[in-house]
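What you are looking at is a predicted structure, and each value in this text was computed from that prediction instead of being measured.
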Amino acid sequence: MKSYEMIREIFNECANNQMRDVFISEIDTDDTDAIARSYCEGGEVSCEKSILANGTIVYDIVTDGVRQRLGFTEI
C-alpha cells in the first residue's frame with residue numbers, strides 16, 4: 001500500500017470570484033482511481049486522469065457543473 005498526500009481543490013465558478021476551497025489529507029491506498037470515483041457522484045459526471053512528469057496523479061472531475069481537481073503525490 002502506498003501513502004499519498006491528496007490535495008482536493010474545488011473551483012468556484014461564480015463571476016468575479018477566483019477563490020478555491022482546498023483540502024489536504026494523507027491517504028493510504030493502492031487504487032487512486034477508486035478514491036477519485038468516490039468523488040464522481042451526480043447526474044452529469046466527467047473525470048479525466050493525467051500523470052505529471054514528477055509522478056503526481058491528477059484527476060479533473062466535473063459533477064453536475066461543479067469542477068474539482070484531486071492531486072495525489074506519493075510520500
Side-chain angles (χ1 to χ4, degrees):
M1 186 161 300
K2 295 180 182 178
S3 294
Y4 294 93
E5 175 184 73
M6 183 183 86
I7 299 176
R8 179 183 181 208
E9 299 173 85
I10 303 172
F11 297 89
N12 187 332
E13 300 295 329
C14 296
N16 299 322
N17 186 345
Q18 301 301 317
M19 298 299 292
R20 308 176 192 189
D21 291 325
V22 179
F23 305 94
I24 300 171
S25 56
E26 283 190 28
I27 303 284
D28 293 322
T29 187
D30 285 325
D31 190 359
T32 58
D33 290 345
I35 302 291
R37 277 193 304 273
S38 72
Y39 290 94
C40 294
E41 296 182 4
E44 289 187 40
V45 176
S46 69
C47 180
E48 294 182 21
K49 177 182 178 180
S50 56
I51 300 175
L52 305 181
N54 68 356
T56 299
I57 304 167
V58 177
Y59 297 88
D60 286 299
I61 301 168
V62 179
T63 55
D64 295 328
V66 176
R67 189 172 147 237
Q68 58 186 318
R69 176 175 290 144
L70 302 177
F72 294 87
T73 304
E74 194 170 344
I75 50 177

Any ring-ring contact (aromatic ring centres under 6.0 Å, His included) involving residues 25-47? Give me the pairs, sequence neighbours left out, ordered by first then second residue.
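As it turns out, there is no ring-ring contact (aromatic ring centres under 6.0 Å, His included) pair with a partner in residues 25-47 once direct neighbours are skipped.
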Side-chain cluster (under 4.5 Å, hydrophobic types only) that V22 belongs to, other residues
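So far as hydrophobic clustering goes, V22 is joined with I7, I24.
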Using side-chain contact (heavy atoms from CB on, under 4.5 Å) as the criterion, list what pairs up with [X], not counting sequence neighbours.
X   : result
S25 : M6, I27
A53 : none
T56 : L52, N54, V58, T73

I need the full list of salt bridge (Lys or Arg N to Asp or Glu O under 4.0 Å) pairs touching residues 52-61, with sequence neighbours left out, sorted by first then second residue.
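For residues 52-61, and leaving out neighbouring residues, the salt bridge (Lys or Arg N to Asp or Glu O under 4.0 Å) pairs sorted by first residue read D60-R69.
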Tell me if the NZ atom of K2 is crowded by more than 12 foreign heavy atoms within 6.0 Å.
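No, not enclosed.
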List the steps, then state whether side-chain contact (heavy atoms from CB on, under 4.5 Å) holds for L70 with I61.
CA-CA 8 Å; L70 302 177; I61 301 168; 3.8 Å; yes
Rounded at 0.5 Å granularity, tell me how far [atom1] in [X] sits from [atom2] in [Y].
X   : Y   : atom1 : atom2 : result
C40 : Q68 : SG    : CD    : 7.5 Å
D21 : F11 : CG    : CZ    : 11.0 Å
S3  : E74 : OG    : CD    : 8.0 Å

Residues forming a side chain to side chain donor-acceptor pair (under 3.5 Å) with [X], sequence neighbours excluded:
X   : answer
T63 : none
E9  : R20
Y59 : T32, D33
R67 : none

Side chains of I10 and F23, heavy atoms from C-beta outward: is any pair under 4.5 Å?
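SC-SC contact between I10 and F23 confirmed.
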Any side-chain heavy atom of F72 sitting closer than 4.5 Å to one from I35?
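Yes, close enough: below the 4.5 Å cut-off.
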Does D64 reach the main-chain N or O of G43 with its side chain, forming a donor-acceptor pair under 3.5 Å?
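The answer is yes, because a donor-acceptor pair under 3.5 Å joins these two groups.
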